[in-house]
2 protein chains.
Amino acid sequence: MSSNDFPKGVSRASNLADAVLRLIWVERQISRADIARRTGIARSTVSEIVATLLPTGLVAEVGVGVSRGGRRPIVLQFQDDAHFIVGIEVGAAHVGVVLMDLRGNTVAWNQRRFPVREDPEGTRGLMIEMAETIVAASKQDPRSLVGIGVAVPSPVDPKNPGALSEIVLPAWNGRSGFEVLQQKFGVPLWVDNDANLGALAEHWWGEGRGLSDFAYVKVATGVGSGHVISGEIYRGATGVAGEIGHMAIAPRRGPACMCGLRGCLTTMVGRDALRARTQELAASYPGSPLASGNGDAPRLEDAALKGDPLALAVVREAAEYLGIAMAGLINLMNPSMVILGGDLARLGDLVLDPLRETVRERTLVSSVSAAEIRTSELGPRSVAIGAATQVLKAALEDSRLFPTAPGRAEAS
Amino acid sequence: MSSNDFPKGVSRASNLADAVLRLIWVERQISRADIARRTGIARSTVSEIVATLLPTGLVAEVGVGVSRGGRRPIVLQFQDDAHFIVGIEVGAAHVGVVLMDLRGNTVAWNQRRFPVREDPEGTRGLMIEMAETIVAASKQDPRSLVGIGVAVPSPVDPKNPGALSEIVLPAWNGRSGFEVLQQKFGVPLWVDNDANLGALAEHWWGEGRGLSDFAYVKVATGVGSGHVISGEIYRGATGVAGEIGHMAIAPRRGPACMCGLRGCLTTMVGRDALRARTQELAASYPGSPLASGNGDAPRLEDAALKGDPLALAVVREAAEYLGIAMAGLINLMNPSMVILGGDLARLGDLVLDPLRETVRERTLVSSVSAAEIRTSELGPRSVAIGAATQVLKAALEDSRLFPTAPGRAEAS
DNA sequence: TAACTTTGATCGTACTCCGAACAAAGCTTC
DNA sequence: GAAGCTTTGTTCGGAGTACGATCAAAGTTA
C-alpha cells in the first residue's frame, strides 16, 4: 500500500491556476474561452485566474484572434522571456553552463574543461564563477532568475539530493556541497543525475516530445540511461535506475569493469573500450588513418563518417553489443522509443542500422512491442538544458516558484 | 510534455473525504483526533467527514481508546466486511474465482479446468456461472458487491480494456466480450493482465507490502513479469511492459519460441522446457523416478523437494537462466525486491540459492543496487486476489464506487 | 478538589469555483 | 444595412469546502 500522502501543513491554494498556466505554456497562445473549453473550468473562473496571472508577467494579452461567429477573443500569450534559468552540467572532466528561457531556448552557453573528479572545492568555485559570468553577460535582471539546476555524473537519491555516490566520485566524500550556489544566488536549487536529465531534455525539447514512455541511452566515456515512465523520470527504488552501463553482456569472457564485474556494457562500448578495440583490429587495416595509434589519429566518429573500414568495423561491433542491451531494455520496459545520445549519436544510420538489426533479432516481433530507435539531435548542451528544464518543470507544477508569483513573500 | 490532464466534466467533490477513508483503511482503527494529526486536516473537518462516512457502513465506532491525558478518544474502525468483491482469473486452461472482502481475505474460492484458449463463449458463460454460484453461496447481500475484477493472460491496453491480444488468444478475435458480466451483475468491471495483477496482489498482501518499486516474476507454463513502479503498476507504452518471458537468453543456439525468436527465457525455463530438459538428462540419472518418462512420474517440484538429483540439476539450470534475465531486470529497473511466483516458488532456497548467485555475478555490487530476491507466499489464488484487489484499489481512490457511498444515485 | 488536557461538536467565516445575467463585439441573413 | 444570433469576457450572487474559535464532555495530574 502506498505510504500516506499528506503534505502536512502547507497545502496548495489553487491547483486550477497552475493548470491554466500550464495550458497557456503548452499552447503558447490561447484565449480565455478556449481555456474554459479545454479544461472544463467555468469561463468566469478562467477570467479570475487570468486576472491574477497577468500582473506576474508570465502571461500577456497580445491582440485579438479570429472570430468563431461572435466577438473576437483576446489572445493570451505565455511570455517565454519573463524569467530565465541556469542549468549546469557537471561532467567527469568538464563543467558546462547554460542560460535558458522558459521555452528551452539557449540564451547563453559556456563550457570549460576541469578536473571535477579530483577537485570538489574548485569545481564549486568554477560553477559559481561561470554562472555569475553568464548571468551578468546576458544583461537580464538577476532578480528574474527562477532557480538553478545541476546535473551530476552520479546517482542522486531524491530523498537526499545533497548526497553523491562515493563510488563514482570518491574525492567528493559523498557530499555535493552545492548549497553554496543556493546561498550565492538566493534561488532554489535542483540536482539530479545526468542521464535522467538528458532524458528529460529529450522529453521536453527533443525526439521524446509527446511520448510518455521512452528511454535515453548515452554512450560517451561511460554508458548511462535515463527513463521516462508515464511521463515522469523514473529513479528506481534507490535512485539508481537505468544502470544499463553495467548490464552484463559477456559476464565470463568480457573485460573487468571498475564496478567489480566482467563484461559490462561500459567495458564493451565505452570510449576506452572502443579505443582499445581499434588498436586490436589495426593490424588487419594497415591503411587506416586510425591505425597509427598516436595522438594525431582522427576521432573514431570522424573516421567512420569518412568511410574508414577500421572505424566502421569497430562501430558495427559496438552497435551489436549495444543492441543486445537495448533489446533487454525494450523487452522489459516496453518504451515507445529508445533515443541514442552521446558521441556515437553523430553517426546516424551508421550506428542505427546494425543496432536496429540486433534489436530486431532479440525482441518480440509484434506491433505492441515495436520501439523506434533514433539518435538524439540535441547535441552537447542536452544535459545542461535538462538540468535547467527540471527547474522549469517544477515551476510549472507549482507556480509559486516563479519570482513574480502572487502570494509570495515580497522582498520589501 | 505530458498531455493535458483535465478530466472534462466530472470533477471529484471532496478528495479529503477519500483521503480520510484511506487512512482509516490503512490504520484499521484510529480516532478522529489522530486522523486530524496524521493528515493535517482540521479536527472540525474530520468530524464532518466522519459523519458522512458512518452511514455508509464502511466505518463504525467500536469503543473508546486509551487517554492521552484528557478525554478518551472514540475508536473508528474500518469495516472489512461491509462489502465484497469478485476476482476472476482467466488462465490459459482454467478459470478461478475468488470472493474477497475489503481486507484481502478470501471469503470463498473456486477453480475449474476449461479450454479457455479455444472457447471464448463458453469461458464467458463459465465465468458468470461460477461468479453467481460463489456470490449465492456466500450468503452475502448481492447488493453489497463493489465490482468485478478480471485477470487475463494477455496484454491489456488501459485505453482499450475490452481488447485482447490476437497473438496470445487467436480464437477470441481480439475482444474479451466481458461486458456481459457487467450487465449481468450491474456492477463496474476491471480487466488487467495476470502478471500485473499478481504483482498487485504481492504489493497489497504479500512480500511487496510497503515497497514502492519491485518486480514480480511468475514462472509456470510461460514466464511473465509485473512491475510496481513508484507504487503503481507499470504497463509500458503499449500495455505490454515486463515481457521478461521473451528476453533473449540464447538468441543463436536456443530453441525456437512461438514468438518467432530463439532462446527466449520462456523456451528455457517454461514448463515444457523443463520437461524436455528432464528427458534429455534422464540418461545420466537412471535411478531417478523422473527418468521413467511416463505419466506416473512425479512432478518436477515434488521430486526436487525430495532431493532427487535429476530434478535438482534441472532446477539449478533453470535458476541460472532465470538469474541472467533477473540480473538484467535489476540493473535496468532497480527494484528493491524481485518476487518469484508460480510453480517454482514452492522450492524456496532450492531455486533461490542458484538464482541469487547468478544475479550476484551480474549486477553492480553496491548498496544502492542491492535487490532482495524472495519467493511468493500467496499461492495459487494470488492472481484472482490481484484481480479483486484492483477493484478495491479503485474504490479506495474514489469512494463513490462503494455501493453505499453518499452522493450516489440511489436505486429508488 | 482544582487545574490542566484531550476529544469531539457547533458555528461563523474565508475562500474557491460555478452558473446566471449582461454588455461588448462580432457574424449572418434577408 | 438592420435585426437577430453567436461568441467573448466580466460581474455578481450562491453553493460547497475547509478552517479556526469556542464550548461541553470526559479524562488525567498535582
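Below, chains carry the letters A, B, ... as their sequence lines are ordered, and counting in each starts from 1.
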Enquirer: Roughly, in whole Å, what's the span from CD1 in B:I41 to P in D:dT17?
Expert: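 The distance from CD1 of B:I41 to P of D:dT17 comes to 14 Å, rounded to the nearest Å.
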
Enquirer: Mark yes or no for a side-chain to base donor-acceptor pair under 3.5 Å between A:S47 and D:dG9, with no hydrogen or angle criteria applied.
Expert: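 There is none.
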
Enquirer: Can you see if the side chain of B:N15 gets near the phosphate of D:dT17 - specifically, an N or O under 4.0 Å from OP1 or OP2?
Expert: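 False: B:N15 side-chain N/O out of range (4.0 Å or more) of D:dT17 OP1/OP2.
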
Enquirer: Could you check whether A:E27 pairs with A:R38 (Lys NZ or Arg NE/NH1/NH2 to Asp/Glu carboxylate O, under 4.0 Å)?
Expert: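 Here A:E27 pairs with A:R38 in a salt bridge, since their nearest N and O are under 4.0 Å apart.
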
Enquirer: Can you label the angle between the A:F402 ring and the A:H83 ring as parallel, tilted or perpendicular, going by 30° and 60°?
Expert: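 Parallel.
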
Enquirer: Charged N to carboxylate O under 4.0 angstrom, B:D18 versus B:R400?
Expert: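 Judged by the 4.0 Å cut-off on N to carboxylate O distance, B:D18 and B:R400 do not form a salt bridge.
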
Enquirer: Only one of B:V75, B:V59, B:L23 clears side chain to side chain contact (heavy atoms under 4.5 Å, CB included) with B:I30; which?
Expert: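 Filter result, single survivor: B:L23.
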
Enquirer: Output the rounded distance in Å from CD1 (B:I35) to P (D:dC19).
Expert: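 From B:I35 CD1 to D:dC19 P: 13 Å.
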
Enquirer: Can you tell me the distance, in whole Å, between the CD1 atom of B:I49 and the P atom of C:dA9?
Expert: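 Answer to the nearest Å: 13 Å.
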
Enquirer: Could I get a table of every N or O pair under 3.5 Å where one atom is in the protein and the other is in nucleotides 24-27 of chain C?
Expert:
{"residue": "C:dA25", "atom": "N3", "partner": "A:R71", "partner atom": "N", "Å": "3.4"}
{"residue": "C:dG26", "atom": "N2", "partner": "A:G69", "partner atom": "O", "Å": "3.2"}

Enquirer: Would you kindly give the CD1-to-C1' distance between B:I74 and D:dG27, to the nearest whole Å?
Expert: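 Whole-Å distance recorded here is 13 Å.
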
Enquirer: Rounded to whole Å, how long is the line connecting atom CG of B:L54 with atom C1' of C:dG8?
Expert: 12 Å

Enquirer: Between A:R43 and B:S44, just flag the one whose closest nucleotide in DNA chain C comes earlier from the 5' side.
Expert: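 Nearest-nucleotide comparison on DNA chain C picks B:S44.
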
Enquirer: Starting the side chain at C-beta, find the nucleotide from D:dA18, C:dC18, C:dG8 nearest to B:R32.
Expert: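 Side chain of B:R32 sits closest to C:dG8.
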
Enquirer: Between A:V46 and B:V46, which residue's closest nucleotide on DNA chain D lies nearer the 5′ terminus?
Expert: A:V46

Enquirer: Can you confirm whether more than 12 heavy atoms, excluding those of B:R103, are under 6.0 Å from its CZ atom?
Expert: yes

Enquirer: To the nearest Å, give me how far apart CD (A:E48) and P (C:dA20) are.
Expert: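 To the nearest whole Å, that distance equals 16 Å.
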
Enquirer: Give a yes or no on whether a salt bridge exists between B:R32 and B:E61, defined as a side-chain N under 4.0 angstrom from a carboxylate O.
Expert: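 A salt bridge links B:R32 with B:E61.
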
Enquirer: Testing the 3.5 Å rule here: is there a donor-acceptor pair between the side chains of A:Y234 and A:N196?
Expert: no

Enquirer: Any side-chain N or O of B:R37 less than 4.0 Å from the OP1 or OP2 oxygen of C:dT7?
Expert: yes

